[in-house]
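Remarks on the structure that follows.
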There are 2 protein chains.
Amino acid sequence: MTNTDRHGLIARAVGESGSATVQDLAELTGASEMTIRRDLDTLAAQGVLERVRGGARTLLLRGEEPPFALRAREAVDAKRRIAAEVASLITDGETVLLDSGTTCLEVARLLRQRPVTVMPLSLQAIHLFGEAPGSTTLMVPGGRPRAAEGALTGPLTLASLSALRFDTAVIGCCGLSAAEGLTAYDLDDAAVKKASIASARRVIAAADGSKLGRTAHAYVGPSALLHTLVTDSSAPAEEVAALEGTNTVVKTV
Amino acid sequence: MTNTDRHGLIARAVGESGSATVQDLAELTGASEMTIRRDLDTLAAQGVLERVRGGARTLLLRGEEPPFALRAREAVDAKRRIAAEVASLITDGETVLLDSGTTCLEVARLLRQRPVTVMPLSLQAIHLFGEAPGSTTLMVPGGRPRAAEGALTGPLTLASLSALRFDTAVIGCCGLSAAEGLTAYDLDDAAVKKASIASARRVIAAADGSKLGRTAHAYVGPSALLHTLVTDSSAPAEEVAALEGTNTVVKTV
DNA sequence: ACTTTCGCACAGAAAAAATGTTCGTTACGG
DNA sequence: CCGTAACGAACATTTTTTCTGTGCGAAAGT
């Protein structure tokens, strides 16, 4: 049991039951209470949960966007596979616009060292490219970083997007359905996605199955804007069929 | 002797004599040749020196800008002191534009956790703020990162600057004299500095003594544009006097 | 006032990084 | 084409760092 495993266990336990005491978690993981306290502090700092005296409480159940650190723990395998497929759809030499979100971050990992021009819309992805200046050309959009992930939003971001054109935009989403279209948790985020789609010749959406058929608050646009959707086999079949009816190519990995 | 010490020794040895063999360096540092090879690979990746068969060669003596990783090793103390003084000149609540360069990076370290709004012009500084989202508000400018430091330049950067106004701009420079004005190594960099100065109400230059009286290729503007100059005691006295004659307040730390 | 929880400080344990050695492979100079 | 020096991969060892548990006094809640 590594510390990361334990963190995962704790995050899941707290997330499922809504809250947990330090004692419970110590018993569950086999670690000492002191260790659990340290873990909880760490996870609280990451925005995974909220620290309360005696234990911890989940941050969900409030209609808010799940914290990035929490989302990053979910469906990692599916995201990796989806990202691999997306990366394979991108040809060397292309200019690529990379949206924020955990799936797109995986795509960023795969694009490193490849001869493409990339403009990522999150600080985390920018870090990835900035640290290993390989054959990839990096463009940084302006903006104000939002939340733990550092998703760039605001007028500067929109201005940067409107000044450029891309071969491909890789878009993540919080909700997607043929009926309700593409939706995001945050209005600013939605505006950025809208502008991203507008400045790319080809739009690839990367969304694991849990996103399909779901609708979030902020509307981005109709699903017909997407040229390709890459998802996994957990996607609801009827939703996939409906999306294919709107001229979107659906690839299931 | 830590590995960092050894890296410093190697960098200095190669820098002074122009080149060195693996054997020489192994003898000098007391480490094995394998370790030296690994060190040289590391330093080469950082852009401190160039790897050649049998040893390493300096990257200087070619009229180019000294690599960032090399500059970062020089005059660290002076830079820290200068940065501390600059940070003390900035009031809580201000909006601050932070130029690229090693000295400004030190200022960035000191501004973390302080309640100010900062827009750094280098990726390295953006990383600093991005990782510890304290009470500091971060703004990211657009642009193309240049060189190892990730100094942002280009039309996107200029557009970001022209869209905003700042209370204070902290400017680093490669050369500064009362007669020749403010100069930079790179034309793009100079353009960014020019725009930075234009969009700030107050301009603070941070330059250790070695920069004063020196002139680089790209002209930014007259020294009178600077409201305050923070430098250290190694600055040539006549140059300091001349700058004070152009309405610039000079602070020596 | 009493109990529980916290978190610091230290010591030991575990993990990670750095280093040295060996040895087969590769590049350069005759 | 061969010999020599240099290189770098793989492994063992050492060093450093990080993680973890325990004891104890302080702080928070009841």
Side-chain angles (χ1 to χ4, degrees), chain A residues 1-15 17-59 69 72-73 76 109 112-113 127-128 131-132 134-135, chain B residues 1-15 17-59 69 72-73 76 109 113 127-128 131-132 134:
Chain A
M1 155 110 51
T2 75
N3 54 359
T4 313
D5 292 342
R6 197 179 54 244
H7 285 186
L9 262 179
I10 294 174
R12 195 145 49 80
V14 173
S17 64
S19 70
T21 69
V22 171
Q23 283 182 3
D24 292 347
L25 294 169
E27 206 169 318
L28 171 69
T29 61
S32 73
E33 298 194 2
M34 187 67 227
T35 300
I36 297 296
R37 287 202 189 90
R38 282 190 271 241
D39 288 346
L40 292 182
D41 290 346
T42 304
L43 293 169
Q46 290 175 4
V48 176
L49 44 74
E50 187 183 16
R51 191 77 171 79
V52 293
R53 187 174 179 82
R57 187 169 33 174
T58 180
L59 278 171
R73 296 182 178 283
V76 179
R109 290 216 171 80
R112 274 186 298 185
Q113 312 293 355
H127 288 199
L128 277 184
E131 284 174 9
S135 49
Chain B
M1 157 110 50
T2 75
N3 54 0
T4 314
D5 292 342
R6 197 179 55 243
H7 285 186
L9 263 178
I10 294 174
R12 194 145 51 80
V14 173
S17 63
S19 70
T21 69
V22 171
Q23 283 182 2
D24 291 347
L25 294 170
E27 207 169 316
L28 171 70
T29 60
S32 73
E33 298 194 3
M34 188 64 227
T35 300
I36 297 296
R37 286 203 189 90
R38 283 190 270 239
D39 288 346
L40 292 182
D41 290 347
T42 304
L43 293 169
Q46 291 176 4
V48 176
L49 43 76
E50 187 184 15
R51 191 78 171 78
V52 292
R53 189 177 176 81
R57 187 169 33 171
T58 181
L59 276 171
R73 295 181 179 283
V76 179
R109 290 216 170 81
Q113 311 294 352
H127 289 197
L128 276 184
E131 286 175 8

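Chain letters run A, B, ... following the sequence lines, proteins first and then strands; every chain starts at 1.
Closest of all the heavy-atom pairs between B:R57 and B:L49 is O-CB, 3.5 Å. Closest non-hydrogen pair, A:L40 versus A:A56, comes out as CD2-CB, 3.8 Å. The two residues A:A20 and A:V14 make their nearest non-hydrogen contact at CB-CG2, 4.1 Å. What you find for B:L28 and B:A13 is that their closest heavy atoms are CD2-CB, 3.8 Å.
Residue B:Q23 places none of its side-chain N or O atoms closer than 4.0 Å to OP1 or OP2 of D:dA5. Applying the 4.0 Å criterion to OP1 and OP2 of D:dG21, one finds that A:S32 has a side-chain N or O inside that range.
Rounded to whole angstrom, the span from the CD atom of B:E33 across to the C1' atom of D:dA9 amounts to 17 Å. Remark: P of C:dT19 and CG of B:L40 are 13 Å apart, rounded to the nearest angstrom. Atoms NE2 (A:H7) and C1' (D:dT20) sit 11 Å apart, rounded to a whole Å. As rounded to whole Å, 14 Å separates atom C1' of C:dA15 from atom CG of A:D5. Taking atom CG of A:D41 as the reference point, atom P of D:dT18 lies 18 Å away to the nearest angstrom. The CZ atom of A:R57 sits 16 Å away from the P atom of C:dT5 (whole-angstrom rounding). Per the geometry, CG belonging to A:N3 stands 14 Å off P belonging to C:dA14, to the nearest Å. Straight-line distance from the CZ atom of B:R51 to the P atom of C:dT26: 18 Å, rounded to whole Å.
Closest to the side chain of B:R37, from the set D:dC7, C:dT5, D:dT20, is D:dC7. Of the candidate nucleotides C:dC6, C:dT19, D:dT20, D:dT20 has the atom nearest to the side chain of A:R6. In the set D:dT20, D:dA5, C:dT19, D:dA5 carries the atom at the smallest distance from any side-chain atom of B:R53. Here D:dT20 is the nucleotide among D:dG8, D:dT20, C:dT5 with the atom lying nearest to any side-chain atom of A:D39.
Side-chain to base pairing of B:R38 with C:dG20: one donor and one acceptor N or O lie within less than 3.5 Å of each other.
Mapping A:M34 and B:V52 onto DNA chain D by nearest heavy atom places B:V52 closer to the 5' end of the strand.
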- Test log, rule side-chain contact (heavy atoms from CB on, under 4.5 Å), inputs A:V48 and A:H7: CA-CA 10 Å; A:V48 176; A:H7 285 186; over 6 Å; no
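In this structure, CG on A:D24 lies 10.5 Å from OG1 on A:T29, to the nearest 0.5 angstrom.
Only one option out of A:I10, A:N3, A:L25 pairs with A:D39 in a side-chain contact (heavy atoms from CB on, under 4.5 Å); it is A:I10.
Comparing the start and finish of the helix from C:dA1-D:dT30 to C:dG30-D:dC1, five pairs each, the helix axis swings through 50°, to the nearest 10 degrees.
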